[in-house]
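Presented below is the structure to which this report refers.
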Amino acid sequence: MRRRDRQFRRRLRGCIRDDVHRGEFRSDDPYAATMQILVVIDGPGAHAGTGTGSHPEVVTRMAVSPAERELGLENGTLTRRAAALGVSGAS
C-alpha cells in the first residue's frame, strides 16, 4: 500500500510539474501543491464511500475546488475538463 501511495504521489506531482511547465497550471512548488491536494482528497474520499449519491455540489467539489485554487485555475476548470473527457462523477 505504501509503495502504491508513493507511486501515485510521484505521478500526480509529475503531472502537476509538467502542466506547470506547459503553462496549464501555476504553482511555485508542485510538491507542496500535490500534498495539499492529496490531504484534501482523503476526507471527501472517506465520505464518498457512504453510498449516498445526492451530495450537495459543495460536498462533491470539496477536493476539486482546493485543487483548482492550488493550481491557479478558474473555478470549474477541472470539472469542465473532466466532463469533456467523459469522466463520470465530474462534479
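- Shortest non-hydrogen contact noted between Asn75 and Arg80 is O-NH1, 3.6 Å.
- The distance from the OG1 atom of Thr77 to the CZ atom of Phe25 is 9.0 Å, given to the nearest 0.5 Å.
- In this structure a side-chain-to-backbone donor-acceptor pair under 3.5 Å is present from Glu68 to Gly76.
- Enclosure of atom CZ in Arg3 is not indicated, since only 12 or fewer non-hydrogen atoms of other residues, nucleotides or ligands lie within 6.0 angstrom.
- Nearest heavy atom pair, residue Phe8 against residue Leu38, reads CE2-CD2, 3.3 Å.
- Here Arg4 contributes atom CZ and Arg11 contributes atom CZ; the two are 10.5 Å apart, rounded to the nearest 0.5 Å.
- No single ILVMFWY cluster, assembled from side-chain heavy atoms under 4.5 Å apart, contains both Met35 and Ile37.
- No more than 12 heavy-atom neighbours from other residues, nucleotides or ligands sit within 6.0 angstrom of CZ on Arg26.
- Taking both residues in full, the closest heavy atoms of Glu70 and Ser27 are given as O-CB, 4.3 Å, listed atom of the first, atom of the second, then distance.
- Atom CD of Gln7 has more than 12 heavy atoms from other residues, nucleotides or ligands within 6.0 Å.
- Taking hydrophobic clusters as Ile, Leu, Val, Met, Phe, Trp and Tyr residues chained together by side-chain heavy-atom distances below 4.5 Å, Leu12 shares a cluster with Leu73.
- Taken to the nearest 0.5 Å, the CD atom of Glu24 stands 10.5 Å off from the CG atom of Leu71.
- Residue-environment remark: CG (Asp5) exceeds the threshold of 12 foreign heavy atoms within 6.0 Å.
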